[in-house]
Amino acid sequence: MNLQNKFILEVENFSLEKTLNCGQTFRFFKNEEHYIYPYKDSVLKLKQKKESLLEVEVYGEDLSKDEIKEIFGLNHDVRKINEKILRIAPNLEEPLLLSSGIRIMKMQPYEATISFIFSIQSQIPVIQKRLNKLSAIVGRKITIDGIDYYLFPKFEDLLTLTYKDIKSLNLGFREKFFLNLIKNYRSSDFEMLKGKTYEEKKKFLMSILGVGEKVSECILLFGYGELSAFPVDTWIIKGLKRFFNVEGSTKKLTEFGHKKFDSVSGYAQQYIYYFMRNFLGS
DNA sequence: TAACAGGCCACCG
DNA sequence: CGGTGGCCTGTT
């Protein structure tokens with residue numbers, strides 16, 4: 001497949017590896033020295049040279065530098081965000097330093113919705129397998145260096161799936177959530193939300209079968225770029241107890257995060273998550 | 001092996 | 001409402 005574009009971005013406070021591996025996105029691949037990331041109708045081949053240079057090759061549909069920056073959160077003023085987090089919670093200094101370089105990515109809202117519905121009570125390798133299989137079944141692919149990479153299905157492609165296709169994903173109890181989503185929603189539902197407020201988005205997302213407190217916050221954060229979202233999963237539950245000595249329901253803890261971190265909740269959440277996950281096992 | 005995994009829904013009080 | 005039991009399937 002043809003290389004559409006190639007350029008080098010100057011970056012700071014950015015780690016491609018950490019950003020891809022911190023659980024916000026599931027569909028990326030490593031090929032030798034490069035990371036491969038399918039996005040919409042494009043596949044990106046990426047390599048971080050030194051710390052400050054990101055080499056980007058775009059295959060399939062072309063993407064602008066600004067679009068690339070948005071995908072990897074390079075448009076976020078992380079220095080200012082970190083200052084605010086430390087002002088609010090000085091005891092997050094260690095997690096913040098250890099997670100240095102993580103950016104909040106931006107994916108398509110409906111893709112985020114499907115991804116995080118697939119993620120319910122599941123470990124990352126299983127989630128990746130489901131999403132990759134779904135993409136392979138629909139079969140939109142771009143070949144780079146002799147290897148096929150499948151694009152995530154367009155929403156309308158999902159209507160062409162047979163029940164046998166869907167069964168083969170082994171979604172278990174999540175299957176009814178997925179079936180409901182492709183039967184009763186369209187990509188326009190998710191596009192329309194872009195202009196709405198946080199509360200309106202949240203209300204709509206929570207009304208989707210299978211989308212609860214945690215998943216809706218993930219969609220808001222990673223799908224809509226709402227940096228005040230604060231997804232509470234099991235790692236965050238442990239982290240909030242450790243750093244702030246708070247416990248309670250997911251709903252209560254989500255409110256706690258919103259109130260405490262306001263517009264920087266998303267980054268604070270990522271730092272706590274990354275620290276708990278990678279430096280405190282169990 | 002039995003328990004649990006990056007939660008949600010339905011049901012109960 | 002706020003709090004709990006059961007849940008598909010794949011791992012450990």
Side-chain angles (χ1 to χ4, degrees), chain A residues 18-28 95 98-99 102-105 107 111-134 137 161 163-185 199 201-223 226 229-243 246-259 265-282:
Chain A
K18 281 189 194 172
T19 297
L20 287 172
N21 281 295
C22 68
Q24 46 183 328
T25 186
F26 304 105
R27 297 201 66 237
F28 62 91
L98 288 169
S99 344
I102 289 182
R103 299 278 182 150
I104 298 206
M105 296 181 61
M107 51 201 296
E111 181 178 349
T113 305
I114 292 169
S115 299
F116 287 103
I117 282 178
F118 281 18
S119 83
I120 299 169
Q121 280 289 47
S122 304
Q123 299 179 29
I124 291 176
V126 177
I127 306 166
Q128 291 172 328
K129 197 171 164 189
R130 289 174 185 146
L131 291 168
N132 288 336
K133 188 156 190 184
L134 175 64
I137 288 173
L161 295 172
Y163 187 60
K164 197 178 167 189
D165 289 334
I166 293 170
K167 266 294 176 197
S168 74
L169 299 174
N170 285 342
L171 292 174
F173 65 80
R174 306 156 198 82
E175 186 179 289
K176 58 182 177 296
F177 303 154
F178 184 55
L179 286 171
N180 169 72
L181 186 75
I182 60 183
K183 183 174 177 217
N184 297 317
Y185 296 86
E199 287 73 20
K201 291 190 185 86
K202 173 94 173 181
K203 188 178 174 189
F204 176 84
L205 294 172
M206 288 283 285
S207 73
I208 300 173
L209 191 68
V211 177
E213 193 66 39
K214 188 263 182 181
V215 170
S216 65
E217 293 287 313
C218 284
I219 302 168
L220 284 162
L221 185 56
F222 306 124
E226 293 281 359
F230 191 80
V232 174
D233 60 23
T234 86
W235 298 101
I236 295 299
I237 290 173
K238 292 172 189 166
L240 291 180
K241 183 174 181 187
R242 175 189 177 90
F243 288 103
V246 291
E247 294 180 83
S249 65
T250 297
K251 189 179 163 74
K252 287 287 181 196
L253 293 176
T254 304
E255 285 173 17
F256 173 84
H258 286 163
K259 279 186 185 162
S265 297
Y267 272 93
Q269 189 269 2
Q270 284 294 290
Y271 298 155
I272 297 169
Y273 172 83
Y274 190 81
F275 178 80
M276 296 305 292
R277 184 96 215 272
N278 294 295
F279 297 98
L280 281 189
S282 82

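Reminder, nothing fancy here: chain letters follow the sequence lines and each chain counts from 1. Only heavy atoms go into these numbers, but all of them, side chains included; no hydrogens, no water, no symmetry mates.
- At distances below 3.5 Å, at least one donor-acceptor pair connects side-chain atoms of A/Q24 with backbone N or O atoms of A/M105.
- Here the side chain of A/S249 is nearest to one of C/dG3, B/dG7, B/dC9, namely C/dG3.
- Comparing B/dG6, B/dC9, B/dG7 by their nearest atom to the side chain of A/L209 picks out B/dC9.
- Helical stems in DNA chain B, defined as runs of 3 or more consecutive Watson-Crick or G-U wobble pairs with both donor-acceptor distances under 3.5 Å, are listed by first residue as B:2-5 with C:9-12, B:7-13 with C:1-7.
- Of the listed nucleotides (C/dC8, B/dC8, B/dG6), C/dC8 has the atom at the smallest distance from the side chain of A/K176.
- Ion pairing between A/K252 and A/E247 fails under the 4.0 Å rule for side-chain N and carboxylate O.
- Remark: aromatic rings of A/F116 and A/F222 are close, center separation under 6.0 Å.
- The side chain of A/F173 approaches C/dC7 more closely than any other nucleotide in the set C/dC7, B/dC9, B/dG6.
- Environment of NZ in A/K176: crowded, with over 12 heavy atoms of neighbouring residues, nucleotides or ligands closer than 6.0 Å.
- Between A/F177 and A/F173, the ring-plane angle classifies as perpendicular under the 30° and 60° cut-offs.
- For the pair A/S265 (side chain) and A/F230 (backbone), a donor-acceptor distance under 3.5 Å is absent.
- Between B/dC4 and C/dG5, the two C1' atoms lie 15 Å apart (nearest whole Å).
- With B/dC9, C/dG10, B/dG6 as the candidates, the nucleotide lying closest to the side chain of A/Y273 is B/dG6.
- Side-chain proximity of A/Q121 to the nucleotides B/dC8, B/dA5, C/dT9 is greatest for B/dA5.
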